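The structure appears right after this line, and notes come after that.
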Amino acid sequence: MMTTTVAAPVTAAPVTKAKVRRGWTQHGLLFVAPFLIVYAVFLIWPTLLGLQMSFSSVNIAGGNDRFVGFDNYAEAFSDPRMWRSLWNTLVFTVLSTIPLVFLGLVFALLVHNLRFMQWLWRLSFFGPFLLPSAVVSLLWLQMIYPPDFGLLNGTLGTDILWLGDPSVAMWSVVLTTVWWTVGFNFLLYLAALQSIPQHLYEAAAIDGATAWDKLRSITLPLLRRTTALIVVLQLVASLKVFDQIYLMTGGGPEDSTRPIIEYAYDVGFTGYRIGYASAVSYILFVLIVIVSLAQLRLFRKREEVTS
């Protein structure tokens, strides 16, 4: 008599959370690998290479490339031209950041409350931000600021040397920068305003709140995170100013507008001292990191106090 045997069912190994997490990690790394490679090659490696150069006497004109330790940094901190350019950068940052944040908020509030042709106002405020720096600089240099036939002097009836007077040149560059870049802050504020729930305003209106009460008690508190982001981004962008100043004034007159990045460019590619220029650049880098962290910490403390 033949007997048949029934094979026991094969049970699959239980899938644990660790295996699922490991699988997601492996697939995630495959997806982000192209970006990580590009990021490492074009950002991390140049950053580390520049840091190495800041401790050497490397010169693009040739010569002995040797390790000099902190000599480049010591020379930079004792260089009055570096301090002058750093001061110009800080002045530009203060003069440009305040109106860029304030006007961005004001324009966003105006457009958000308009009931007609919002697309036109959005395009009007954001349009200049899409222009390249060379186009903006050439426009203001050739049409707005010329002392003889410029639009600004013709409108005001003056003959001011907007880019040739050391006492006015920085203000002129700031005015151009505000006109050019305020649209970015405007767009961020406008997006944040559109995300505020409408029922908050309706409830406040039922309680008899005025427009000022709504702005002070609802709008501005709910825009605090957006304001913190905009302030940090604007500070970093202003500290890195280079394009419009280099194209409009070249750092003049009398070095009254030369920022620290232009000074690093001059000593690196005109004076051929790449090591010293790298040291100056990393001084600016540390300053940007300190300012950004301090600003974020300040806003976080304000949120903890108000919450």
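Here the structure is a predicted model, which means the values were calculated and not measured.
No side-chain donor-acceptor contact under 3.5 Å links Q295 to the backbone of V231. S85 places a side-chain N or O within donor-acceptor distance of the main-chain N or O of M82, the cut-off being under 3.5 Å. With hydrogens and angles disregarded, a donor-acceptor distance shorter than 3.5 Å links the side chain of D165 to the backbone of S167. Checked by atom type and distance alone, the side chain of T270 never pairs as donor or acceptor with a backbone atom of V267 at under 3.5 Å. Looking at S137, its side chain never comes within 3.5 Å of a backbone N or O of A134 through a donor-acceptor pair.
The two atoms that bring A264 and A277 nearest to each other are O-CB, 3.4 Å, heavy atoms only. The shortest non-hydrogen separation linking P259 to I245 is CD-CG2, 3.7 Å. Nearest heavy-atom pair, L163 versus S172, reported as atom, atom and distance to 0.1 Å: CD2-CB, 3.8 Å. Among all heavy-atom pairs drawn from G251 and E262, the shortest one is N-OE2, 3.4 Å. Nearest heavy atoms, A279 versus N72: CB-CB, 3.6 Å. When every heavy atom of V178 is checked against every heavy atom of P99, the shortest pair comes out as CG2-CG, 4.0 Å.
You'll find the side chain of Y189 reaches within 4.5 Å of the side chain of V101, heavy atoms only. By the 4.5 Å heavy-atom criterion applied to side chains, L200 and P197 are counted as neighbours. At least one side-chain heavy atom of L215 sits under 4.5 Å from a side-chain heavy atom of W212. A 4.5 Å side-chain heavy-atom check between L90 and V94 finds every atom pair outside the cut-off. Between R216 and P221 the shortest side-chain heavy-atom distance does not fall below 4.5 Å. By the 4.5 Å heavy-atom criterion applied to side chains, V58 and Y272 are not counted as neighbours. Under the 4.5 Å side-chain criterion, counting only non-hydrogen atoms from C-beta, L247 is not in contact with L141.
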### Message
For Q194 and H112: C-alpha separation, side-chain torsions, deciding distance, then whether side-chain contact (heavy atoms from CB on, under 4.5 Å) applies.
### Response
CA-CA 8 Å; Q194 293 174 347; H112 182 67; 3.9 Å; yes
### Task
Take E75 and R273 through the test salt bridge (charged side-chain N to carboxylate O under 4.0 Å, His left out) and record every step on the way to the result.
CA-CA 12 Å; E75 181 182 353; R273 301 183 61 194; 2.8 Å; yes
#### Entry: Working for side-chain contact (heavy atoms from CB on, under 4.5 Å), residues N88 and T257
CA-CA 6 Å; N88 290 337; T257 61; 5.8 Å; no
### Query
Going through the checks in order, is the side-chain contact (heavy atoms from CB on, under 4.5 Å) test met by F184 and I230?
CA-CA 9 Å; F184 180 73; I230 290 176; over 6 Å; no
### Task
Using the side-chain contact (heavy atoms from CB on, under 4.5 Å) rule, take I144 and L175 through it: C-alpha gap first, then chi angles, then the decisive distance, then the call.
CA-CA 11 Å; I144 309 296; L175 178 61; over 6 Å; no
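Aromatic ring centres of W162 and W171: separated by at least 6.0 Å. A ring-centre distance under 6.0 Å is found for F107 and F125.
The number of heavy atoms from other shown groups lying within 6.0 Å of CZ (F242) is above 12. Other residues, nucleotides and ligands place no more than 12 heavy atoms under 6.0 Å from the CZ atom of F285. D159 CG: 12 or fewer foreign heavy atoms inside a 6.0 Å radius.
The aromatic rings of Y265 and Y246 sit perpendicular, their planes meeting at an angle over 60°, well past the 30° parallel limit. By the 30° and 60° cut-offs, the orientation of the rings of Y73 relative to F70 is tilted. Aromatic ring pairs are classed by plane angle as parallel below 30°, tilted from 30° to 60° and perpendicular above 60°; the pair Y276 and Y263 is perpendicular.
For the pair R122 and F126, the cation-pi criterion (under 6.0 Å, within 45° of the ring axis) is not fulfilled.
Taken from OG1 in T219 to CD1 in I196, the straight-line distance is 5.0 Å, to the nearest 0.5 Å. One finds the OG atom of S54 at 11.5 Å from the CG atom of D71 (value rounded to the nearest 0.5 Å). Remark: L100 CG to L95 CG distance equals 11.0 Å, nearest 0.5 Å. Atom CG of L86 and atom CG of D79 lie 11.5 Å apart (nearest 0.5 Å). We find the CZ-OG distance between F67 and S57 to be 10.5 Å, quoted to the nearest 0.5 Å. For the atom pair CG of D213 and CD1 of I218, the computed distance is 9.0 Å after rounding to the nearest 0.5 Å.
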Using a 3.5 Å cut-off and no angle test, enumerate the donor-acceptor pairs between side-chain atoms of residues 43-53 and protein atoms at least two apart in sequence or in another chain.
residue, atom, partner, partner atom, Å
T47, OG1, L43, O, 2.6

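Residues W121 and L105 do not share a hydrophobic cluster, clusters being chains of Ile/Leu/Val/Met/Phe/Trp/Tyr side chains in contact below 4.5 Å. Follow the hydrophobic side-chain contacts under 4.5 Å out from Y282 and you reach I260 in the same cluster. Under the 4.5 Å side-chain heavy-atom criterion for grouping Ile, Leu, Val, Met, Phe, Trp and Tyr, V168 is connected to M248 within one hydrophobic cluster. L233 and W180 fall into different hydrophobic clusters, where Ile, Leu, Val, Met, Phe, Trp and Tyr residues are linked whenever their side-chain heavy atoms come under 4.5 Å apart, directly or through other members. In the hydrophobic cluster analysis, where Ile, Leu, Val, Met, Phe, Trp and Tyr join through side-chain heavy atoms closer than 4.5 angstrom, L114 is grouped together with V106.
When the side-chain contact (heavy atoms from CB on, under 4.5 Å) test is applied to K240, the partners found at least two apart in sequence or on another chain are V236, I261, I288.
Defined by atom type and a distance below 3.5 Å, a donor-acceptor pair is missing between the side-chain atoms of T177 and S96.
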